[in-house]
Amino acid sequence: MSDEKKNEEVIEDTAPAEEKAAETPKEEKKEKVKKEKAEKKKEEKAAPQEDKKPEAPQAQSDAYLRLLAEYDNYRKRSQREKDSLYADIKADTLLKFLPVYDNLVRALKQPTEDEAYRKGIEMIMTQFNTTMEKLGVEKIESLGRTFDPALHNAVMHVDDETKGENEIVEVFQEGFRLGDKVIRFAMVKVAN
């Protein structure tokens with residue numbers, strides 16, 4: 001029995017060595033696979049970075065230029081809107097003063113014996129016209145001109161052989177404009 005025990009012990013001693021030998025190649029394979037995967041990842045990471053490096057500054061430059069152009073367009077659009085809004089508000093405000101002008105014109109047309117009164121109205125009218133000119137408001141010339149629907153509002157029509165076609169023969173209410181914008185159309189009588 002002692003020989004049998006020795007054989008068993010030898011078998012037991014050799015079995016773990018064989019198992020150890022068998023385990024070692026498996027572990028080595030796992031380690032090799034891990035290393036290969038890590039190397040592939042490094043290569044994959046390295047390859048796109050090399051490609052992206054030259055493109056990255058170009059992409060940033062393009063994005064910067066687009067942003068700069070967008071901001072410039074926004075600034076110009078804002079300035080146009082501000083100018084347009086200012087012109088509209090100015091025109092609306094001046095429109096509210098035009099009835100005062102109409103009343104001054106009526107007052108000047110009325111006959112009066114009081115020269116001081118008449119001179120006062122003329123001075124007010126002169127001051128009003130000067131102020132309107134300083135603000136850039138112009139009268140629309142109408143009498144004797146050809147009717148223009150962009151500037152005039154025809155409220156009467158008369159047949160007169162002595163006048164030309166579409167000639168304005170009478171102005172009922174003066175028209176005004178601020179630059180290219182018409183504040184109030186001139187009310188006129190048109191011949192032929």
Side-chain angles (χ1 to χ4, degrees), residues 52 54-192:
K52 290 181 182 178
E55 291 178 14
Q58 182 66 30
Q60 288 176 348
S61 175
D62 290 346
Y64 173 74
L65 290 175
R66 283 191 184 108
L67 183 64
L68 188 64
E70 190 175 315
Y71 175 72
D72 190 43
N73 290 339
Y74 167 76
R75 187 179 50 79
K76 288 177 182 176
R77 185 175 55 248
S78 296
Q79 186 64 39
R80 278 193 308 267
E81 288 173 359
K82 190 185 338 177
D83 292 343
S84 174
L85 183 62
Y86 176 73
D88 290 344
I89 291 170
K90 188 175 178 181
D92 288 345
T93 303
L94 292 170
L95 182 62
K96 303 229 189 296
F97 283 101
L98 293 182
V100 175
Y101 174 84
D102 294 336
N103 288 333
L104 289 171
V105 169
R106 286 187 199 102
L108 286 173
K109 287 182 180 178
Q110 294 301 315
T112 182
E113 292 179 13
D114 189 1
E115 285 302 314
Y117 172 76
R118 181 163 189 76
K119 185 163 175 80
I121 295 295
E122 287 174 355
M123 288 171 65
I124 293 170
M125 185 62 145
T126 303
Q127 187 179 20
F128 190 87
N129 285 332
T130 304
T131 304
M132 295 292 267
E133 286 175 11
K134 286 180 182 177
L135 293 172
V137 178
E138 302 171 355
K139 281 186 190 178
I140 296 173
E141 296 296 328
S142 301
L143 194 57
R145 307 256 177 166
T146 304
F147 175 75
D148 182 2
L151 301 173
H152 306 107
N153 184 12
V155 293
M156 289 184 77
H157 183 266
V158 64
D159 289 328
D160 189 353
E161 298 300 324
T162 61
K163 303 292 181 183
E165 189 164 330
N166 288 333
E167 185 178 335
I168 297 171
V169 292
E170 189 176 349
V171 178
F172 299 115
Q173 191 177 47
E174 291 286 339
F176 294 91
R177 67 178 165 198
L178 179 65
D180 293 337
K181 183 179 177 72
V182 175
I183 297 173
R184 182 174 77 180
F185 293 93
M187 282 191 191
V188 296
K189 182 194 290 188
V190 181
N192 303 322

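Because the structure is a prediction, the values reported are computed rather than measured.
In terms of heavy-atom proximity, Ala191 sits nearest to Val169 at CB-CG1, 3.7 Å. Minimum heavy-atom separation, Ser142 to Val171: CB-CG2, 3.7 Å. Shown here for Ala154 and Val190, the closest heavy-atom pair between the two residues is CB-CG2, 3.7 Å.
The existence of a salt bridge linking Asp72 and Lys76 is confirmed by a sub-4.0 Å separation between a basic side-chain nitrogen and an acidic carboxylate oxygen. A salt bridge links Arg118 with Glu122; the closest basic N to acidic carboxylate O contact falls under 4.0 Å. The existence of a salt bridge linking Asp160 and Lys189 is excluded, since no basic side-chain nitrogen approaches an acidic carboxylate oxygen closer than 4.0 Å.
Rounding to the nearest 0.5 Å gives a distance of 13.5 Å between OH of Tyr101 and CG of Leu94. Separation of atoms CG (Leu68) and CG (Asn73) is listed at 10.0 Å; rounding is to 0.5 Å. One distance of note links NZ of Lys90 with CD1 of Ile183; it measures 8.5 Å at 0.5 Å rounding. Rounding to the nearest 0.5 angstrom, the gap separating the CG atom in Leu143 from the CD atom in Glu141 is 9.0 Å. How far CZ of Arg80 is from CG of Leu85: 14.5 Å, rounded to the nearest 0.5 Å. Interatomic distance, Phe97 CZ to Asp102 CG, rounded to the nearest 0.5 Å: 13.5 Å.
Counting heavy atoms of neighbouring residues, nucleotides and ligands inside a 6.0 Å radius, atom OH of Tyr117 does not exceed 12 of them. More than 12 non-hydrogen atoms from other residues, nucleotides or ligands lie less than 6.0 angstrom from CE of Met125.
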Applying side chain to side chain donor-acceptor pair (under 3.5 Å) to Gln79 and Asp83, what does each step give before you reach the verdict?
CA-CA 6 Å; Gln79 186 64 39; Asp83 292 343; 3.1 Å; yes
Start with the C-alpha distance between Asp88 and Lys181, add both sets of side-chain angles, then the distance that settles side-chain contact (heavy atoms from CB on, under 4.5 Å), and finish with yes or no.
CA-CA 9 Å; Asp88 290 344; Lys181 183 179 177 72; 3.4 Å; yes
Which is it for Phe185 and Ile140 under the side-chain contact (heavy atoms from CB on, under 4.5 Å) test, yes or no, and what are the steps along the way?
CA-CA 8 Å; Phe185 293 93; Ile140 296 173; 6.0 Å; no
What verdict does the side-chain contact (heavy atoms from CB on, under 4.5 Å) test give for Val155 and Val188, after you've listed the backbone C-alpha separation in whole Å, the side-chain angles of each residue and the deciding distance to 0.1 Å?
CA-CA 6 Å; Val155 293; Val188 296; over 6 Å; no
Determine, stepwise, if the pair Leu98 / Leu95 fulfils side-chain contact (heavy atoms from CB on, under 4.5 Å).
CA-CA 5 Å; Leu98 293 182; Leu95 182 62; 3.9 Å; yes
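Between Lys139 and Phe176, the closest side-chain pair of non-hydrogen atoms falls below 4.5 Å. By the 4.5 Å heavy-atom criterion applied to side chains, Asp159 and Asn192 are counted as neighbours. Put simply, the side chain of Glu170 does not reach to within 4.5 Å of the side chain of Met156, judged on heavy atoms. Counting heavy atoms from C-beta on, the side chains of Met123 and Gln127 never come closer than 4.5 Å. Proximity of Glu174 to Val105: side-chain heavy atoms (C-beta onward) are nowhere separated by under 4.5 Å.
With hydrogens and angles disregarded, no donor-acceptor distance shorter than 3.5 Å links the side chain of Thr112 to the backbone of Gln110.
With hydrogens and angles left out, the side-chain atoms of Asp62 and Gln58 include a donor and acceptor closer than 3.5 Å.
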